[in-house]
Amino acid sequence: MKHTTRTLLVALGLASSLSAFAFDPDKPECIAPAKPGGGFDLTCRIASNGFGDAGLLPSPMAVTFMPGGVGAVAYNHINSNRRDDGDALVAFSSGSLLNLAQGKWGKQLDENDARWVGAAGVDYGAVIVKSDAPWNTLGELVEAIKADPSGFVLGAGGGVGSQDWMKAAILMKSAGVDPKKMRYVAYEGGGEAIAALMGGHIKVYPGDMGEMKGQLEAGRMKVLAVMSDERLEGEFKDIPTAAEQGFDAEWAILRGYYLGPDVSDEAYAYWTDTFNKAYENPIFLKTVEDKGLVPYKSAGEAFDADVKKRVNLMRELAKEAGLIK
């Protein structure tokens, strides 16, 4: 009898322990560090719609907008007020990581002040010109740039040191031109940069393939190269990579999510498991593709390590470009 009682107590204790360490989000939320519209909104919609439609959450996920500093306001908010909030995913992009690498989110904050938990998908940089431009390959464009570097104006969304500036710098470097000497015009976003390209104010737009979805059908622009390690699928399958044209010019635009730095291991494990289930769910994957991204299946500790590696590489790239010491 004593043995049975002890066994029962142990079983009850184990059940109690498991219950105490179990995690379910009470009010799941995705914070988009920008105004409605744009990449951060898109990233949160992938989580909200994709998880919801696939039935992966116990309750609907709300989307909250927190604009400021391309993610700086949200990062500081999480670190100041919601360090252990396991309900709140925050959207980020490679542009966010670039700003973090340059210390633009605060000198006291770095990539270790978050738990990077899962990817939404990836987009890739693209070398875009007007449809009537005289260049039909990246090689032809590069030769023209080398012949008259000061005659080429490149422009995109974001100022010096931004993600689009980095894509332009990589393109110039591949052409054998010092990126510090390039003529670059900063616009508020991709829409303004495309308008500038159409108006002849810039000659080259180092944009994103995702925003070209549907644009190419209009016949107003052409993509000379995609900045990926291999050709994309679907409507972009005929666009050659920069690498296959002989140029070391790659830029992957990662979109994903992080949690506060003090979020419990149980909450982190819950979201890691949710992302891994999502990556095998056709409804979630269709949501990713419908939003113009390429699925990128990485979550948990492996994803955390991947993000921190990217930040370190961007930090070195920023130093090489003279943006930071």
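All residue numbers refer to positions in the sequence shown, counting from 1.
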J.: Please determine whether a side-chain nitrogen of the Lys or Arg among Arg315 and Glu111 lies less than 4.0 Å from a carboxylate oxygen of the Asp or Glu.
T.: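 Salt bridge flag = yes for Glu111 with Arg315.
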
J.: What do you reckon, are the aromatic ring centroids of Phe284 and Phe275 less than 6.0 Å apart?
T.: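 No.
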
J.: In a check of side chain to side chain contact (heavy atoms under 4.5 Å, CB included) between Ile239 and each of Met209, Lys222, Met212, which one passes?
T.: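 In the set Met209, Lys222, Met212, the residue that makes a side chain to side chain contact (heavy atoms under 4.5 Å, CB included) with Ile239 is Met209.
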
J.: Look at Arg115 together with Asp265 and state whether they make a salt bridge at an N to O cut-off of under 4.0 Å.
T.: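 A salt bridge links Arg115 with Asp265.
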
J.: Between Lys319 and Glu316, is there a side-chain N and carboxylate O pair less than 4.0 Å apart?
T.: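 Yes, Lys319 and Glu316 are salt-bridged.
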
J.: Identify whether the distance between the nearest side-chain nitrogen and carboxylate oxygen of Asp208 and Lys167 falls below 4.0 Å.
T.: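 Salt bridge present between Asp208 and Lys167.
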
J.: Could you check, using the six-membered ring where one of them is a Trp, whether Tyr258 and Tyr75 have ring centers closer than 6.0 angstrom?
T.: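 Yes: the rings meet the under 6.0 Å criterion.
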
J.: Treating Ser131 as the side-chain partner and Gly219 as the backbone partner, does any N or O pair qualify as donor plus acceptor under 3.5 Å?
T.: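 The answer is yes, because a donor-acceptor pair under 3.5 Å joins these two groups.
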
J.: CZ/Arg220 to CG/Leu197 distance, rounded to the nearest 0.5 angstrom?
T.: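 It comes to 9.0 Å.
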
J.: With sequence neighbours excluded, tell me which residues meet side chain to side chain contact (heavy atoms under 4.5 Å, CB included) with Ile283.
T.: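 Asp53, Ala54, Asn281.
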
J.: Of all the heavy-atom pairs spanning Leu42 and Arg255, show the shortest one and how long it is.
T.: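 Looks like CD2-CD, 4.3 Å.
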
J.: Look at Arg82 together with Glu29 and state whether they make a salt bridge at an N to O cut-off of under 4.0 Å.
T.: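 Result for this pair is yes, salt bridge flagged.
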
J.: Is a donor from one side chain sitting under 3.5 angstrom from an acceptor on the other, for Lys297 and Asn276?
T.: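 On atom types as modelled, these side chains do not qualify, holding no pair under 3.5 Å.
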
J.: Can you confirm if the aromatic rings of Trp271 and Tyr257 lie within a centre distance of less than 6.0 Å?
T.: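 Aromatic pair excluded; centres sit 6.0 Å or further apart.
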
J.: Check whether any side-chain N or O of Asn76 sits under 3.5 Å from a backbone N or O of Ala72 as a donor-acceptor pair, and report yes or no.
T.: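 Answer holds: yes.
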
J.: Counting distance only, does the side-chain N/O of Tyr205 pair as donor-acceptor with the main-chain N or O of Leu154 below 3.5 Å?
T.: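 Side chain of Tyr205 to backbone of Leu154, a donor-acceptor pair under 3.5 Å: no, none is there.
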
J.: If we ignore hydrogens and angles and just use 3.5 Å, is the side chain of Glu143 paired with the main-chain N or O of Gly139 as donor and acceptor?
T.: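 No: the side chain of Glu143 does not pair with the backbone of Gly139.
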
J.: Give, for atom CD of Glu230 and atom CD of Glu244, the distance between the pair rounded to the nearest 0.5 Å.
T.: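 Reported value, rounded in 0.5 Å steps: 10.5 Å.
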
J.: Taking the inter-plane angle between the rings of Phe152 and Trp135 on a 0 to 90° scale, is it parallel (under 30°), tilted (30 to 60°) or perpendicular (over 60°)?
T.: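 Rings of Phe152 and Trp135: tilted, as their planes differ by 30° to 60°.
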
